[in-house]
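Take a look at the structure below.
Treat the numbers as computed from the prediction; the structure is a model and nothing was measured. Read the numbers this way: they start at 1 and go in the same order the structure lists the ligands and their atoms.
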Amino acid sequence: MNKLYYLVFILGMIILFGSCREDEPQDPIVEYCPSGDLRSLHTTLGNPSNAETSEAMPNNYLIEMDEYTISYNESRGIPNWVAWHLSKEWIDGDGNRQDDFRANPFLPAGWNSPNSDSYSGSGFDRGHNCPSADRLCSDNFNSATFFMTNMVPQAPNNNQEVWKYWECYLRELVDQGNELYVYMGNYGVGGDGFFGYREVITDGDINVTVPESIWKVAIAIPENDGDDINAITTQSTVIAIDIPNSENVSFFDWDDATFITTVDEIESRMGNGFDLFSNLPTNIQNTLEAQTHVRDPSFTPCW
Ligand code: MN
Ligand code: MN
């Protein structure tokens, strides 16, 4: 009998010990953001203006970061374009919106470089190119979207309504199992802000051009671990939107017929040989760049 109690006791201890070990909290190490040197990722499909990190090219100055890539225009005080890769890894995670708008410390000294207050009182929002909500994988990655070199003066209705829903639609494409390459840019001079028409915002020595129109192009491919260029076919989804920088844009209709356009059309409006998707084979580029997107009605709207 004693022997049996002894055995049961030992067995019990083993089970208890084993289950205790199993119950110990085990924090899995989750690396939310993509890792490694990501600086060339964002322009996988090409550098549309052949921007260079050269002080001799202040109006087409390349800034490559892990979070996104910019061509900065020193005269305009805004980017020509911003490019970024978008997938679940960039959105999921424990990052929060940082709201730490600030001058970009990586610009050469003495350059026209807007700071957090430069748009104050202008009637235009500090409109993100690479959105804060596209970089929520960590606080540090989110913070990088608040460099003023990632902003354009954007009419509040454009930024907070039509543009917001359009950005959200792209994140829905990610939720549906896609990864995206996104380019955002602008052209022209003069927009209609909260206080009316304006061409330039002046803040001391700082001058910021108010763009006339703001565009964004996205290509979606099924999420994969391989070569993204090879994953792109003539059947891939391409969406090109160009929206006037104005308060008079309708509430949520980012796919309004007047805003939906083609990549070819945006290339021509940008001028100067601007060439999106230049790293794609010519036949695929030609087909995709003539596409006009039809919004998928099965998607849950974001508003
Ligand atoms: Mn083209
Ligand atoms: Mn092209």
Side-chain angles (χ1 to χ4, degrees), residues 38-54 57 59-65 68-73 76 78-87 129-131 134 150 152 163 166-167 169-170 173-174 178-188 211-222 224 226-245 254-255 257-295:
L38 304 164
R39 285 174 297 173
S40 60
L41 170 68
H42 309 294
T43 48
T44 297
L45 303 190
N47 173 340
S49 62
N50 297 314
E52 287 179 29
T53 312
S54 158
M57 290 174 53
N59 294 330
N60 191 15
Y61 184 76
L62 186 70
I63 307 172
E64 289 184 304
M65 304 188 297
Y68 55 87
T69 292
I70 293 181
S71 160
Y72 184 66
N73 190 310
R76 286 163 70 87
I78 53 177
N80 298 304
W81 53 265
V82 177
W84 65 101
H85 178 248
L86 185 61
S87 63
N129 280 248
C130 180
D134 281 7
N150 185 39
V152 288
W163 205 265
W166 155 230
E167 290 175 343
Y169 183 78
L170 295 182
L173 280 170
V174 173
N178 295 291
E179 58 180 294
L180 276 61
Y181 287 90
V182 188
Y183 290 87
M184 176 164 167
N186 62 83
Y187 60 86
E212 172 192 349
S213 208
I214 301 172
W215 56 264
K216 188 189 238 182
V217 164
I219 185 163
I221 49 179
N224 71 92
D227 181 335
D228 287 336
I229 294 223
N230 287 335
I232 295 172
T233 69
T234 54
Q235 305 302 307
S236 297
T237 299
V238 169
I239 316 173
I241 308 289
D242 189 359
I243 304 185
N245 191 14
W254 61 264
D255 61 336
T258 57
F259 304 153
I260 290 262
T261 184
T262 64
V263 172
D264 278 339
E265 188 58 41
I266 288 171
E267 287 175 335
S268 119
R269 291 173 193 172
M270 288 294 281
N272 302 312
F274 194 78
D275 187 6
L276 289 154
F277 303 155
S278 58
N279 288 350
L280 292 181
T282 309
N283 65 318
I284 295 180
Q285 202 179 148
N286 289 345
T287 306
L288 294 181
E289 292 186 353
Q291 236 185 56
T292 37
H293 182 70
V294 178
R295 172 192 200 142

* **Between N60 and S49: side-chain donor-acceptor atoms closer than 3.5 Å** =>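 The answer is yes; a qualifying pair exists.
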* Using 30° and 60° as the class limits, which term best fits the ring planes of F277 and Y183: parallel, tilted or perpendicular? ->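 Ring orientation, 0 to 90° scale: perpendicular.
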* **Geometric class of the W254/Y169 ring pair [parallel <30°, tilted 30-60°, perpendicular >60°]** =>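 Because their plane-to-plane angle lies in the 30° to 60° range, the rings of Y169 and W254 count as tilted.
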Write the atom name of the N, O or S atom in [X] that is nearest the Mn ion (ligand 2).
| X | result |
| --- | --- |
| D275 | OD1 |
| E267 | OE2 |
| E289 | OE2 |

* Asked: Within P48, is some N, O or S atom less than 2.8 Å away from the Mn ion (ligand 2)?
  -> no
* To do: For the Mn ion (ligand 2), decide whether S278 has an N, O or S atom at a distance under 2.8 Å.
  =>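 Not a single backbone or side-chain N, O or S atom of S278 is under 2.8 Å from the Mn ion (ligand 2).
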* Considering the options V182, N129, N186, I243, which one meets the side-chain contact (heavy atoms from CB on, under 4.5 Å) requirement together with K216? ->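 Exactly one pass, corresponding to V182.
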* Structure fact -> Distance col, row L280:CG vs T234:OG1, nearest 0.5 angstrom, shows 11.5 Å
